[in-house]
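For reference, the structure discussed in these notes is given below.
Quantities reported herein were computed from a predicted structural model and do not represent experimental measurements. Atoms considered below: every heavy atom in the structure, side chains included; atoms not considered: hydrogens, waters and symmetry mates.
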Amino acid sequence: MKNKITAALLAVVMTASLASTSMTVEAANTIYNNETNTQDGYDYELWKDSGNTSMTLNAGGAFECSWSNIGNALFRKGKKFNDTQTYQQIGNISFDYAADYQPNGNSYLCVYGWTVDPLVEFYIVDSWGTWRPPGTQSKGQITVDGGTYDVYEADRINQPSIKGNTTFKQYFSVRTSKRTSGTISVTEHFKAWERMGLKMGKLHEAALNVEGYQSSGKANVYKNVMTIGGSSNSGSQGQNQGQNSGNQGGGNAPSTSTSTGTKVECEQMTKGGQYTGNISSPFNGVALYANNDSVKYTQYFANGTHDFTLRACSNNNNMARVDLKIGGQTKGTFYYGDGYPAEYTIKNVSHGTGNQTVELVVTADDGNWDAYLDYLRIDGAGVSTNTGSSNTGNNSSNNNQPGQSAPVQQNQKLVALTFDDGPSSTTNQVLDVLEKYDVKATFFLIGKNVNSNTMATMQRQVSMGCELASHSYTHEDMSRMSANDIRNQMNWTSSAIKNTVGVDVKYFRPPYISVNNSMYQNIDLPFIQGSMHNDWEDSTSVSQRVNSVLSKTTDGDIILLHDFQGNTKTVEALPQIIEGLQSQGYTFVTVSELFEKKGVNPDVEYKIWSNVK
């Protein structure tokens, strides 16, 4: 809501400047070496690392290019942005193009560009030379502009970028059949990528591009009309993406039964409040713009306990909060830390049976964020074909399934075991002990340790009901980093975990427990410390580790241990720690469960948690 007028004006200006036929046309000019400038309302760039190149700048967006004996070369015309706005704020982007494309070897004809925060290099590839990029496993297919595209994600480690040599992501949409003319609805690809979990940042550039890699060739892009603003003319269908009816909603919103419960689209619920309205990006849903904005509907419950999952996001990098009310009573709050759509679950909510009013409402907006809602899913017996247990314990986070701890009863003493610096082979030794005692823990992962070699370990952690959190990407002192580097550390780690095992990160432990105001201002996750027991020191014996934990632990504590490679003394100490704390009456929970069961909101600014009471 806050940027609608600005975005609309920008869209009109950009559409007029780039798509108009009455612009002043300059004479063609040919360049041979690296150059970035503006011509006929288009930003252009020739970039190469070596070899022979030429680029003739024709009228408007048109250009010709040739290359030979090159390492890597890119020729492009489009628009350079200022790194301050998302594609949603800028407006719809499309290219209407046609080219005589004659590659000899490895080459792409594509839309190319970058985002920042996170740093992403993206390609929408319509044609290619002898090799179809990018050579990784497809994440699924989407349909845009009447064509089918495979979607890919790749990691670039310490490679050249718009920010110098660094680590970043690459996103690809690659057409299943080649073409050299047509329309590329760029925004539709962006939307589809985000629905598939590929987060977009603030736009730096989008351009029609010819790229060659260790090859030769030539191309005549005789038509290239870039349009920014207006409405999108092309829908996209991504893997597992549903289509909404657009019903404004009534007393009983249409629902869909799934294998896990009942799902209700938020735009089909009844809207309340002064500003509530439908949105079409980053998904088809509803926006709650101010306090008391809400959506609600009537749900029949045969049983009195269910899990409630809301897919939503904030409109920016501020924490958005949405309260869940059933029968007029507040049952919990959903939290969303940024503009990336994510699911947040409130487990084992006790409520009335029969027809109940289910309401999603904003009550904590301070003017710095809006909440975007996609759908609400209800899991458990009595709302779908599921026949799961309907425990009525004190918001227990599970139904005592295999590999999970027993339900937590009221007044039990609670403690959270946490482990830093994995995943590693030692992590599996820790999991062996946890599995033996039917205990869950929270693991704070280093992002660079997340890879194909550790995927099985992470899958095992998730299957056992353990929680995965962030311990930065490189385990460097983040209090010495710039704001951009801090955000990159967080984005890279969250993306690595999400892309590997499909879970969202909810907590952050700073390396060396070193924090400053810049970290608090640029990290939208609760900060976790915990009680420390020097188990990272090899000189700390097994018995010293055990005695330190057993003598210092109090109700609500977060215990900080380590599962880095070779930390076998902590593995040896762990059975005695678990048995000793159990004998003292403690129940083990994850960090999320600890906050939930203590009734404490973890989202407190400028605070790092060691105990939850």
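- Salt-bridge check for Asp155 with Lys448: failed, with every basic side-chain N at 4.0 Å or more from each acidic carboxylate O.
- With hydrogens and angles left out, the side-chain atoms of Ser592 and Thr590 include no donor and acceptor closer than 3.5 Å.
- Judged by distance alone, the side chain of Gln170 and the main-chain N or O of Val120 form no donor-acceptor pair under 3.5 Å.
- The minimum heavy-atom distance linking Pro423 with Thr457 is given by the pair CB-CG2, 4.3 Å.
- Between Asn449 and Asp421, the closest heavy-atom pair is ND2-O, 3.1 Å.
- In this model, a donor atom of one side chain and an acceptor atom of the other lie less than 3.5 Å apart for Asp535 and Thr570.
- Asn601 places a side-chain heavy atom less than 4.5 Å from the side chain of Tyr335.
- Salt bridge status for Lys413 with Asp555: absent, with no side-chain N to carboxylate O gap under 4.0 Å.
- For Tyr507 and Phe595, the distance between ring centers is under 6.0 angstrom.
- Under the 4.5 Å side-chain criterion, counting only non-hydrogen atoms from C-beta, Asp420 is not in contact with Phe564.
- The backbone N or O of Val571 lies less than 3.5 Å from no partner atom in the side chain of Thr568, so there is not a single donor-acceptor pair.
- Here the two rings, on Phe122 and Phe190, have centers that are under 6.0 Å apart.
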Notebook entry, point to check: Yes or no on side chain to side chain contact (heavy atoms under 4.5 Å, CB included) for Val549 and Leu581, after CA distance, side-chain angles and deciding distance?
Noted result: CA-CA 9 Å; Val549 174; Leu581 290 177; 4.1 Å; yes

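- Residues Arg321 and Asp323 are not paired through a salt bridge, judged by the lack of any N-O separation under 4.0 Å between the basic side chain and the carboxylate.
- In this structure, a donor-acceptor pair under 3.5 Å is present between the side chains of Glu343 and Tyr375.
- Side chain to side chain, Trp492 and Ser472 fail the donor-acceptor criterion of an N or O pair below 3.5 Å.
- A donor-acceptor contact shorter than 3.5 Å is absent between the side chain of Asn499 and the backbone of Ala496.
- Although no hydrogens or angles enter the test, the distance criterion places a donor-acceptor pair under 3.5 Å between the side chain of Thr115 and the main chain of Pro118.
- Two residues are said to be in side-chain contact when any heavy atoms from C-beta on lie closer than 4.5 Å; Glu153 and Met196 fail this criterion.
- Aromatic pair Tyr520/Phe527: centroids less than 6.0 angstrom apart.
- A pairwise comparison of heavy atoms in Thr357 and Lys296 identifies CG2-CD, 4.1 Å as the closest pair.
- Using a 4.5 Å heavy-atom cutoff, the side chains of Trp609 and Val604 are in contact.
- Between His562 and Phe419, a ring centre-to-centre spacing not shorter than 6.0 Å is recorded.
- Aromatic pair Phe443/His471: ring centres not closer than 6.0 Å.
- Contact of the Pro341 side chain with the Phe283 side chain is registered, since non-hydrogen atoms from C-beta on lie closer than 4.5 Å.
- Contact check for Glu467 versus Val591: side-chain heavy atoms found under the 4.5 Å cut-off.
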